[in-house]
Amino acid sequence: MGGLFNTDIVEAVIIGAGVTTVICSINDLTSSVGLIIVYMLALFIQLTWREATEEISYCYDLILRPSSSSGILLGSVLLPLVIISTQSSQYNSSSIHLTDDDGNNLAVPCLVFSIACLLCVWLTRCKMSVTVLERLISVRWVVSWVAVMVILHKVPLQGVVALAVSFGGSVTCVWFLLGLLYVLEESFTIGEAMVVAQGLTLLTLEAVNTTVYHTGRELIACLQVLILGGIIIGLTMKPVLQKMPTIYSINVSRGKHKQLGNGANHSNRIQDIPRPFSWKLTAFFYLAMVASIICILLPWLGIMIKSWPLLFGLKFTLMTSEKRTCLVLIWAGLISTAITMVFWLQTSSTVTRKYFHLFTVAAFLPGIYFDVELVFLATAGTFFIAILLEFFRIHQVWPLGEALQSASQTLGDAQDTGVIFLSHLYLLLGLAVPVWLYTGVHGYHIESTLPLFSGVLSVGIGDTAASVIGSKYGVIKWPGTKKTILGTVSAILFQIPACYLLSYIGILPSMASHFFSISWAIILTSLLEAFTLQIDNLVLPLFMYCLLVT
């Protein structure tokens, strides 16, 4: 217990250094004070209520990911850091119009969302407050507050609008938080669920704004529909999915009982009554999915971009320039090679998983350098497809279900223990979110591409070097962790020369004028990789992005 506590303290110090770095680089007193309040509140809850994971599981009948810390501190400050650092460096904010036209409007709501999530965790200790929370975050309340925010959007009383956005967004954020933890059992820590819930809330508010008032660019609209589309499809297909078997019920029927960290049997936690394969249910699955896409998502996107979505996507991808077509062909080759490797290797190991990190580096480096707009749209589309494939895998839908489950055993790691496999989704998000955020604010013609490579540097190069070298040659471990000092040093030593190389060939700005700031970002991110128990693919790119963008 003492070792884990020390690890939490070291992680808190690293995060505190990141928060301090961002605060020192911005000129916004409100955001700075808000960050300090959220950091102190989250640190207090994480250290004082270390049993918070057990409390929230008890009150809501949840199972969180075993063998991981709660991640409350990192989950509370990470997305506010990302938003504040992005807005502090913006040249313009043409795509951000939640409450005003100044662009400085997402930071405070995001901080409020973090506090709402922290209060949710705190209130779960009281059974009476749990009842209040359940009523407050019901679907009808979420829909009602979204409607209120739309109505008040053009009201001249900015204080009223800000209050509606903050409170209604908080309700929506807590609804997402508990929904993720309840539906996707054993998949998330509280901290990771906080990050995802806050991101989905901001995206939902922006999507409502874009739909009603037609603000934002076409690619922003595509991003909003594609990311939220997975949730919409899941909700519309719920009656069909409830009748279909899941991978857990299939494993139970074959005698494979999954054990939890506390020794409890997973088959007793989920209503896993073995169901035989049904062609009828499979047909309904396909019909429901196609109907959701054709009847909901495509018309919604068409309204937002004022064009036929499929025609827009085809024209944008293949009919704009030869360079763009070449990139698509290169990516197709990389994807084909990666798929071949999955079925050829058929074994899961640290080295095997890091092969695919190198594939992502090979895909993102030329993409960001030559055509960041294509990367923006392609990553959003790829994430949407990945969510759809998870439906196939979880419910073992013919003909892809079993093959996807077999592939996930090769790509997954020890932290992929729940309903949904998050490592590959987090990897895609970690590489793509810096691109979405930075280009969403600065546009696609930007002077410095350094923040865009946050995911490539931290996960594609740093984490890969730390994992491979640390697992093969590392002997001395950091106290209280499984990570080696050699692995951390390797991550730092590989990333700095990589920055020099990218600077030499003209992809990154001159390292001579940015050496200390880039090195500081690399060192802090590498130390966070060593001491955090959250999934690296999500938290490392976002943390490095905050430091590089400032």
Report summary line: Here the gap from L538 atom CG to Q534 atom CD, rounded to the nearest 0.5 Å, amounts to 9.0 Å
Query raised in the report: Is a donor on one side and an acceptor on the other found under 3.5 Å between the side chain of Q198 and the backbone of M194?
Result: yes
Query raised in the report: Is any side-chain heavy atom of V328 less than 4.5 Å from a side-chain heavy atom of L374?
Result: yes
Query - Approximate separation, where rounding is to 0.5 Å, of I387 CD1 and F383 CZ - result: 4.0 Å
Query - Pairwise side-chain contact, S70 with T189, heavy-atom cut-off 4.5 Å (strictly under) - result: no
Query raised in the report: Between L358 and G460, which heavy-atom pair has the shortest distance, and what is it?
Result: CD2-O, 4.2 Å
Report task. Quick one: closest heavy-atom pair of L388 and I233, and the distance? Result -> CD2-CD1, 3.6 Å
Report task. Taking all non-hydrogen atoms of both residues into account, name the closest pair between P299 and I293 and its distance. Result -> CD-O, 4.2 Å
Query - Residue pair L429, N537: steps toward the side chain to side chain contact (heavy atoms under 4.5 Å, CB included) verdict - result: CA-CA 8 Å; L429 282 178; N537 294 347; over 6 Å; no
Query raised in the report: For atom CZ of F284, is the number of surrounding heavy atoms from other residues, nucleotides or ligands below 6.0 Å larger than 12?
Result: no
Report task. Quick one: pull up NE2 in H357 and CG in D536 and give me the separation to the nearest 0.5 Å. Result -> 8.5 Å
Report task. State, with a plain yes or no, whether a side-chain heavy atom of Y369 is found less than 4.5 Å away from one of L502. Result -> no
Query raised in the report: Can you check whether P451 reaches P434 side chain to side chain, under 4.5 Å on heavy atoms?
Result: no
Query raised in the report: Taking C-beta and beyond as the side chain, do Y545 and V433 meet within less than 4.5 Å on heavy atoms?
Result: no
Query raised in the report: How far apart are the closest heavy atoms of L180 and A197, and which atoms are they?
Result: CD1-N, 4.0 Å
Query raised in the report: Tell me the side chain to side chain donor-acceptor pair (under 3.5 Å) pairs involving residues 376-389, sequence neighbours left out?
Result: T379-W436
Query raised in the report: So do L219 and F316 actually touch side chain to side chain, heavy atoms under 4.5 Å?
Result: yes
Query raised in the report: Are R324 and F370 in a cation-pi contact, defined as NZ or CZ under 6.0 Å from the six-membered ring centre and within 45° of the axis?
Result: no
Query raised in the report: Among side-chain atoms of T525 and S458, is any donor-acceptor pair under 3.5 angstrom?
Result: no
**Report entry** Min side-chain heavy-atom separation Q87-I83 under 4.5 Å
**Finding:** yes
Requested in this report: Search all heavy atoms of P399 against all heavy atoms of Y286 and return the closest pair with its distance.
Outcome: CD-OH, 3.2 Å
Query - Parallel, tilted or perpendicular, as decided by the 30° and 60° cut-offs, for the rings of F285 and H395 - result: tilted
Query - Option from I84, V82, L202 for which side-chain contact (heavy atoms from CB on, under 4.5 Å) with C110 holds - result: L202
Report task. Examine distances only and state if a side-chain atom of T464 and a backbone atom of V459 form a donor-acceptor pair shorter than 3.5 Å. Result -> yes
**Report entry** Stepwise side chain to side chain donor-acceptor pair (under 3.5 Å) check, S76 with S114
**Finding:** CA-CA 5 Å; S76 299; S114 288; 5.6 Å; no
Report summary line: Taking every heavy atom of L79 against every heavy atom of V195, the minimum-distance pair comes out as CD2-O, 4.0 Å
Query raised in the report: Measuring from L452:CG to L365:CG, what's the distance to the nearest 0.5 Å?
Result: 11.5 Å
Query raised in the report: If we ignore angles and hydrogens, is there a donor and acceptor under 3.5 Å between the side chains of Y438 and S454?
Result: no
Query raised in the report: Is any side-chain heavy atom of V196 closer than 4.5 Å to a side-chain heavy atom of F176?
Result: no
Listed pairs under 3.5 Å, donor-acceptor, residues 300-312 side chains, sequence neighbours left out:
from : atom 1 : to   : atom 2 : distance (Å)
W300 : NE1    : T211 : OG1    : 2.8

Report summary line: Rounded to the nearest 0.5 angstrom, the CD1-OG distance for I420 and S187 is 6.5 Å
Query - Donor-acceptor pair, side chain of Q405 and main chain of Q396, under 3.5 angstrom - result: no
Report task. To the nearest 0.5 Å, tell me how far L297 CG sits from S292 OG. Result -> 7.0 Å
